[in-house]
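The figures here come from the full heavy-atom set of this structure, side chains too, leaving out hydrogens, waters and symmetry mates. So you know, we letter chains A, B, ... as the sequences are listed, proteins then strands, and number each from 1.
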2 protein chains.
Amino acid sequence: MPRKPIPTLSDVFTPTETPAHLARDVIESALREAIMDGRIPPETPLRQEEIAALFGVSRMPVREALRRLESQGLLHIQPYKGAVVTALINQDAMDAYGVRLLLEPEALRLSLPHLSDTDLADASARLASLRSARDSATLARLNREFHMALYRRAGNARLLYLIEQELEQEERFLRFHLSAMGTGHQARDDHEALLDAARSGDESRALALLRRHLSQAEQAIRHYLADQDNPESPAGDAPRTAGEPK
Amino acid sequence: MPRKPIPTLSDVFTPTETPAHLARDVIESALREAIMDGRIPPETPLRQEEIAALFGVSRMPVREALRRLESQGLLHIQPYKGAVVTALINQDAMDAYGVRLLLEPEALRLSLPHLSDTDLADASARLASLRSARDSATLARLNREFHMALYRRAGNARLLYLIEQELEQEERFLRFHLSAMGTGHQARDDHEALLDAARSGDESRALALLRRHLSQAEQAIRHYLADQDNPESPAGDAPRTAGEPK
DNA sequence: ATACTCTAAATTGGATCCAGGATCCAATTT
DNA sequence: AAATTGGATCCTGGATCCAATTTAGAGTAT
């Protein structure tokens, strides 16, 4: 009996050459999903035996799944000590915004002339959903999908792959911290203007808007992280990662 | 007597950061090396049992090593069919040059003001070695090291990581095809001029040279690949490498 | 001879077992 | 009481065994 396949967008890059539901693939997808949407918070140690029991398999497929997740940067494995979920975006990882400021405008520039009405409608649909969505997880996902919809026709698979990597990292961060940051409306206006520029095919305006949007997002996160590390107004209590061992 | 009577053991023993030589890590490194320098050519199927026997271990550490190499893009694994070494740069992978044309000039721009005499000496040393090196493997490696030496001070770890990834792919390709391409001297002049511009801190000239260098390298490889696929003198041709099975 | 079917060998996926390192805790020492 | 040590326990790394799948080959019918 084929189990319900877990829809992962990484399937976009691996053209579903794995029709069989191998345990290791099921576990890998499930763990990635769980890590990405925060059900498994950062710093959580992953015990092979525990996961194996959870899925009703032996430790073997778990081990192979963990190895792959490590290569994808979601886990950190130390010999004889095990795997822990990697931390979210921190000050060091802010470098990614510098990279995105290079990659995404170029992707948009390449994609703009080839965007179809369907593509624009897809992006618009995400925006509409963004307005009504309440939970951070959905908001973060829609944000990524909106951006990718605009870049989709860039015609450079490698470029799109790298951008998606960065966007997934941001998504994971936003799922955790978006509500505490409270900059959703800011980004919404940016998105509206960006989509409008894309619709009219105004390249220079669209690129300028995207660059500004990314810069502001970087600044927002940078300030948020700085406040986390050194809270000046401890009114809104920062949910310090308690990390209670289960 | 203020003299310490007994030196601490940490002074006696160098705190080596790599104490454990796990089989899977040894195998992973060995296989990557072998794939990168061409001892295992593309399209080669890798049999777990064969590799295990070669290293005198069981299939288990081999399997974990293969998993990681797959995530790193060196292998392609299909369920129940096994792992094959991925093909080298092909027409599809030329996308990478578009990405490099974005990333590397930015890295050079960021790095240029902070390059020390030591960094420039390192780059110069690579150039000197490039002049005397004969085999493609060494040439390809020195090419990568020369570029990275110039970018080293960019101060954006993520950017440098991505560039290194792309350079390693190119290195792997060049180890195979550099001798057949015969464009080594072309690149040498580019490198000389680039290093000169970097020495004088002439940012705009250095960036222009780098962009031209990358564009020409892309064109050289593109033409080479086109000739491979569609040779002007169709004599006894090499086995056609069955393109996209789509 | 060619195409087809079915079987056996080859190969990978997964389960179970054992060994070695890491961690925690009590016992001993200072 | 604080620190060190011995050892019990947990967890991971690797080996071996069995199951599932693919592939190659023998055999048969057309």
Handout entry: Donor-acceptor under 3.5 Å (A/T86 side chain, A/G73 main chain)
Key = yes

Practice task
Go through the steps for B/V99 and A/Y161 under the test side chain to side chain contact (heavy atoms under 4.5 Å, CB included), then give the verdict.
Solution key: CA-CA 11 Å; B/V99 173; A/Y161 172 77; over 6 Å; no

Practice task
Counting Watson-Crick and G-U wobble pairs whose two distances are both under 3.5 Å, find the runs of 3 or more in a row that involve DNA chain C.
Solution key: C:1-30 with D:1-30

Practice task
Please list, chain by chain and in numerical order, all residues satisfying ring pair (Phe, Tyr, Trp, His ring centres under 6.0 Å) with A/Y97, sequence neighbours excluded.
Solution key: none

Completion exercise
Tightest non-hydrogen contact, residues A/R172 and A/A87, listed as NH1-O, 4.0 Å

Handout entry: SB check A/R144 A/E164 (cutoff 4.0 Å)
Key = yes

Exercise for the section: Go along nucleotides 12-24 of chain C 5' to 3' and tag each nucleotide: B for a protein heavy atom under 4.0 Å from its base, S when only backbone or sugar atoms are that close, - otherwise. Expected result: BBBBB----SSS-

Practice task
Taking B/S29 for its side chain and B/D25 for its backbone only, find out whether a donor-acceptor pair lies under 3.5 Å.
Solution key: yes

Problem - Whether A/D119 side chain and A/S116 backbone form a donor-acceptor pair below 3.5 Å - result: yes

Exercise for the section: Take atom CG of A/L66 and atom P of D/dG13, then tell me their distance rounded to the nearest Å. Expected result: 9 Å

Practice task
Show the numbers, then the answer: is there a salt bridge (Lys or Arg N to Asp or Glu O under 4.0 Å) between A/R152 and A/D122?
Solution key: CA-CA 11 Å; A/R152 192 187 295 162; A/D122 277 357; 3.2 Å; yes

